[in-house]
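Note on naming: letters A, B, ... go to the chains in the order of the sequence lines (proteins, then strands), and numbering restarts at 1 for each one. Owing to the predicted nature of the structure, the values given are computational and were not obtained by experimental measurement.
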Amino acid sequence: MFGSLATLQPRQLAAQVLNFALVLSTAFMLWKGLSVFTDSSSPIVVVLSGSMEPAFQRGDLLFLWNRGQETQVGEVVVYNVRGKDIPIVHRVIRRFGGGSAPLQLLTKGDNNAADDTELYARGQSYLDRSQDIVGSVVGYVPFVGYVTILLSEYPWLKTAMLIFMALTVVLQRE
Amino acid sequence: MHNTLTRVQNVFGFFTSVAFAVAAAIAMSVLLSPQTPSASLELRNVQVVKGRPHYYSTKREEYAHVKFDLDADLTSLFSWNTKQLFLYITASYPSSDPTIIPPSEAVIWDAIIPSDYAPLHPNTYIHPTSKTAPKPKKSAKGKGKKEVGKPYPAGASPGIVRLDNQKPKYQITDVSGKIAERENATLTLHWNVQPWVGALVWTNTKTVGRWQGLQGGEAKFAFPPLKGTEVKKDDLKTETGGERNRGSPA
């Protein structure tokens with residue numbers, strides 16, 4: 001099985017590596033291009049918690065749009081708590097400011113009785129639209145993001161998938 | 001060329017292409033179903049009292065308690081791609097500088113109305129039933145099922161909401177803490193249609209293709225001056241929603 005690998009010409013091997021690198025860089029370019037188009041650092045997110053049930057369940061895929069500076073009450077936004085890197089998907093329930101003043105937003109999950117004041121950083125009572133918001137949800141696809149949740153909760157799945165993909169690439173010489 | 005691995009890959013590739021195409025078709029099909037939403041929203045009573053943001057806070061702020069009447073027919077918003085309707089009523093009032101800063105807005109009441117095909121979830125709106133409705137008889141077996149409230153009045157369908165002197169879910173305040181004696185406030189009904197797959201849509205007041213804009217659903221009012229101790233505690237009770245996470249937000 002691995003003997004066939006030894007008979008590969010260096011040029012063929014280099015061509016295969018180049019193909020692989022092209023596939024990876026195309027995927028990366030598409031992702032970054034979408035990021036620029038939507039003006040969001042993370043244009044597609046997976047729902048991680050059940051705080052927006054029954055609208056969004058864990059594993060749902062959300063498409064974000066960040067070019068609307070005048071976020072309205074009722075829109076679902078994704079934001080990062082200052083100092084932490086966990087994205088939270090909740091609905092805007094109050095807004096103050098906008099226009100020439102910084103837009104301040106208060107959010108709350110549909111499945112939470114309390115609003116998000118406790119989740120914000122210490123001393124922060126409202127989110128700032130220009131600083132904290134990653135994007136506003138415009139589209140939704142159910143379930144397909146669940147594989148990323150599985151990958152993060154069971155790290156051995158990541159190594160298993162990588163080994164499987166490497167094997168298929170190596171054994172298929174076409 | 002025809003080994004199992006290739007076949008599995010081809011089937012999987014075809015499956016994802018078809019699934020993608022079907023999802024896109026379902027998402028686009030909502031544009032074809034006509035919508036004729038209508039609503040009548042009226043202010044019933046508004047009181048402004050002093051309160052605290054939460055139990056241990058030392059801040060004393062003014063909170064407005066807004067009661068309203070709502071009669072809405074939003075059944076046409078429910079298409080085959082509708083998972084739920086998130087209805088919410090907001091109170092908006094002009095900012096300190098109306099020429100350059102848009103009005104401030106806060107939600108006073110919201111409700112999650114699922115479509116009849118959505119799986120049962122505890123976080124659902126339960127429409128208040130009239131007090132004169134006859135009580136259901138207990139089943140003969142003795143192990144009677146608990147009567148689950150529906151998100152619409154008896155005999156109606158999802159999207160019909162008839163509320164009389166409805167208490168708000170949230171008492172609202174301004175970021176400055178002062179909300180008494182503000183003029184030119186507006187009570188507005190909004191909705192957010194959550195699809196099974198596709199784009200989320202919000203209230204449309206203008207007609208777009210087959211979707212007519214919302215008729216009605218607005219009421220103008222003014223916040224009254226601060227009331228003192230003459231307000232009864234009962235009058236300030238708020239409505240409890242169906243949210244499952246009580247206490248600290250998740």
Side-chain angles (χ1 to χ4, degrees), chain A residues 48-57 60-63 65 70-76 88 90-120 125-126 136-144 167-168 171-172 174, chain B residues 5-6 9 19-20 23 27 53-54 83-84 86 88 90 92 95-108 110 112 114 118-124 170 172-176 188 190-192 194-203 240-250:
Chain A
L48 298 172
S49 77
S51 56
M52 280 294 285
E53 287 189 6
F56 303 144
Q57 261 85 17
D60 293 341
L61 211 65
L62 303 177
F63 295 92
W65 184 253
E70 287 297 322
T71 310
Q72 295 300 315
V73 164
E75 282 189 34
V76 182
I88 302 180
H90 282 171
R91 199 180 289 269
V92 174
I93 59 166
R94 288 189 204 170
R95 59 166 276 163
F96 307 105
S100 320
L103 179 56
Q104 292 178 300
L105 305 171
L106 179 66
T107 55
K108 171 184 167 294
D110 285 352
N111 208 15
N112 291 345
D115 59 44
D116 290 351
T117 315
E118 275 183 43
L119 288 178
Y120 300 157
S125 308
Y126 296 96
S136 174
V137 178
V138 288
Y140 157 83
V141 181
F143 305 136
V144 294
L167 276 179
T168 32
L171 297 178
Q172 262 190 329
E174 255 161 340
Chain B
L5 189 61
T6 324
Q9 276 185 333
F20 179 73
H54 51 89
K83 185 174 175 185
Q84 73 175 38
F86 185 86
Y88 54 109
T90 63
S92 62
S95 59
S96 48
D97 195 346
T99 45
I100 52 171
I101 301 178
S104 305
E105 207 170 347
V107 173
I108 59 161
D110 57 49
I112 293 180
L120 212 57
H121 193 276
N123 185 14
T124 305
Y170 316 105
I172 57 168
T173 185
D174 184 51
V175 64
S176 64
T188 327
H190 308 258
W191 69 72
N192 175 204
Q194 169 78 28
W196 285 108
V197 62
L200 274 69
V201 287
W202 278 264
T203 327
T240 309
E243 291 93 344
R244 289 298 102 189
N245 299 332
R246 308 242 136 226
S248 229

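- For the pair A/Asn111 (side chain) and B/Arg244 (backbone), a donor-acceptor distance under 3.5 Å is present.
- Heavy atoms of B/Pro119 lying under 4.5 Å from chain A are absent altogether.
- At a 4.5 Å heavy-atom cutoff, the contact between A/Glu75 and chain B is made by backbone and side-chain atoms alike.
- Looking only at heavy-atom pairs under 4.5 Å with chain A, the residue among B/Asn123, B/Val107, B/Val197, B/Leu200 that has the most is B/Asn123.
- In the model, B/Ser92 has no side-chain atom that pairs as donor or acceptor with a side-chain atom of B/Thr90 under 3.5 Å.
- Take B/Phe86 and apply the ring pair (Phe, Tyr, Trp, His ring centres under 6.0 Å) test, not counting sequence neighbours, and it matches B/Tyr88.
- In this structure, no portion of A/Phe63 lies under 4.5 Å from any heavy atom of chain B.
- Only one option out of A/Asp115, A/Asp116, A/Asp110 pairs with A/Arg91 in a salt bridge (Lys or Arg N to Asp or Glu O under 4.0 Å); it is A/Asp110.
- Using modelled atom types and a 3.5 Å distance limit, the side chains of B/Asp174 and B/Ser176 yield a donor-acceptor pair.
- Under the 3.5 Å distance criterion, with hydrogens and angles disregarded, no donor-acceptor pair is assigned to the side chains of A/Gln57 and B/His121.
- Contacts with chain A were tallied for B/Val175, B/Thr240, B/Asp110, B/Ile101; B/Val175 has the most, counting heavy-atom pairs under 4.5 Å.
- For the options B/Gly241, B/Pro103, B/Pro102, B/Ser95, heavy-atom pairs under 4.5 Å to chain A are most numerous at B/Pro102.
- Residues of residues 101-109 of chain A lying under 4.5 angstrom from chain B, judged on non-hydrogen atoms, are A/Ala101, A/Gln104, A/Lys108 in numerical order.
- Across B/His190, B/Arg246, B/Glu105, the residue that shares the most heavy-atom pairs under 4.5 angstrom with chain A is B/Glu105.
- Proximity to chain A (any heavy atom under 4.5 Å) is restricted, for B/Gln84, to the side chain, taken from C-beta onward.
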